[in-house]
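The structure under discussion appears below in the form of structure tokens.
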Amino acid sequence: MEHDVLVIGGGAAGLMCALTAGRRGRRVRVIEHANRCGKKILMSGGGRCNFTNTGTTPANFLSANPHFCKSALARYRPEHFIAMVEAHGIAYHEKELGQLFCDESSKQIVAMLLAECADAGVTVETSCSVESLGTLPGGGYELATSRGTWRAPSLVVATGGLSIPSMGATGFGYELARRFGHEVLPTRAGLVPLTLSGKHQAHYADLAGVAFPVSARCGKARFDNALLITHRGLSGPAILQVSNYWEPGRELLLDLLPGLDAEAFLLERQRTQPAAELRTVLADVLPRRFAERLCEAWFPSKPMRQFTHRQLPDLARQLANWPIVASGTEGYRTAEVTLGGVDTRGVSSSTMESKHQPGLYFIGEVLDVTGWLGGYNFQWAWASGHAAGSAA
């Protein structure tokens, strides 16, 4: 056969797999249908690519099989990718919570991966679409593309999920998985803004652009970060994080004053500023426009001395458990990731090889493994790509 490994998809996971296999002396060809590799890398982190998170653990990932990601993550850790970044002289910084970004541009990460592929003898085809895929009698695969037909004993599916279709996302990987007997778990948009409707949207719509720290809770999941009010609903890191856990009908609560004992604060202000109106007091710890809206729509804005000692604790409880009635999400159009995907029970956790079809591998976002916001999904791409590239 002309190749040892064919990789469908030239994103983060596909390129990592290709360069890893190439370093082992494998003859590798990457097939990417877009006009350039790594488009999601290029747009990530505001163009600076949040390429990993130094605090990565299996607990930072969602999957129907939460143990699946452990092996790959343990064998290819953030420090391994950081070593490659440093070897290429790419300057980076930690923004917050272990999130590492390029100082200059995400283009440097794509250039690094392509340089590593070139050094390992990997051939990369862009603007190359798959037309048909067949298995060979003696084992292996035949891939007919717009650029020609290639054969290899190993085929790696690194086609990503459904998020951001404008970047070329398709369901091709899921179709291929089903064809070879894999179950594909239901998919939905993840790390995505939430939408509001009716009176719930009316209360917030003209506050678009207002941002402040909150603690967002859905079930047992809790994220302390910023909330951003948009024209359509709510966004910001705290909302994107909790969106992975929220589904229609699930309770979503915000602590509007995280880290502050709201009851003690209100009682203290009642004692020291009895003539101050509630809206003025809240504007000291919340954006003024939001504080005013709270007092227009939900709370009575009267002088602090007019509140009873029963009313202030109740008000504090409401501030700590503020309900959000979301109508949905903005969907795959703006979602950073896809939840669900190829059921990991049909895939080896150590090699990413299919348990149903020899020589077939699944890596990256196409699998039912989804990380939190903050570089975790890239670390999964590197780890799963390295696992398959070490075996294929």
Problem - Whether over 12 other heavy atoms sit under 6.0 Å from Lys95 NZ - result: no
Problem - Whether over 12 other heavy atoms sit under 6.0 Å from Arg75 CZ - result: yes
Without placing hydrogens or testing angles, list every side-chain donor-acceptor pair under 3.5 Å for residues 109-116, not counting sequence neighbours.
unit_1	atom_1	unit_2	atom_2	d
Glu116	OE1	Arg23	NH2	2.8
Glu116	OE2	His88	NE2	2.6

Exercise for the section: Indicate, with yes or no, if the rings of Trp372 and Phe223 have centres closer together than 6.0 Å. Expected result: yes
Handout entry: Approximate separation, where rounding is to 0.5 Å, of Glu263 CD and His309 NE2
Key = 10.5 Å
Handout entry: Pairwise distance OG(Ser348) to OH(Tyr361) - rounded to 0.5 angstrom
Key = 8.5 Å
Judged by atom type as modelled, is there a donor-acceptor pair below 3.5 Å linking the side chain of [X] to the main-chain atoms of [Y]?
| X | Y | result |
| --- | --- | --- |
| Gln270 | Met304 | yes |
| Thr329 | Val192 | no |
| Ser243 | Leu191 | yes |
| Arg289 | Asp206 | yes |

Exercise for the section: Could I get the full list of ring-ring contact (aromatic ring centres under 6.0 Å, His included) partners for Phe307, not counting sequence neighbours? Expected result: none
Completion exercise
Applying ring-ring contact (aromatic ring centres under 6.0 Å, His included) to Tyr76 and not counting sequence neighbours gives His80, His386
Fill in the blank from the handout: Residues pairing under ring pair (Phe, Tyr, Trp, His ring centres under 6.0 Å) where one sits in residues 313-337, two or more places apart or in two chains, turn out to be Trp298-Trp322, Phe299-Trp322
Completion exercise
Contacts satisfying ring pair (Phe, Tyr, Trp, His ring centres under 6.0 Å) that involve residues 13-60 (not counting sequence neighbours) are Phe51-Phe81, Phe51-Tyr92
Practice task
Go through the side-chain N and O atoms of Asn53 and Thr56 and say whether any donor and acceptor fall under 3.5 Å apart.
Solution key: no
Practice task
Compute whether any side-chain donor of one residue and acceptor of the other, for Thr20 and Arg24, lie under 3.5 angstrom apart.
Solution key: no
Handout entry: Ala381: partners by side-chain contact (heavy atoms from CB on, under 4.5 Å), with sequence neighbours left out
Key = Ala12, Ala13
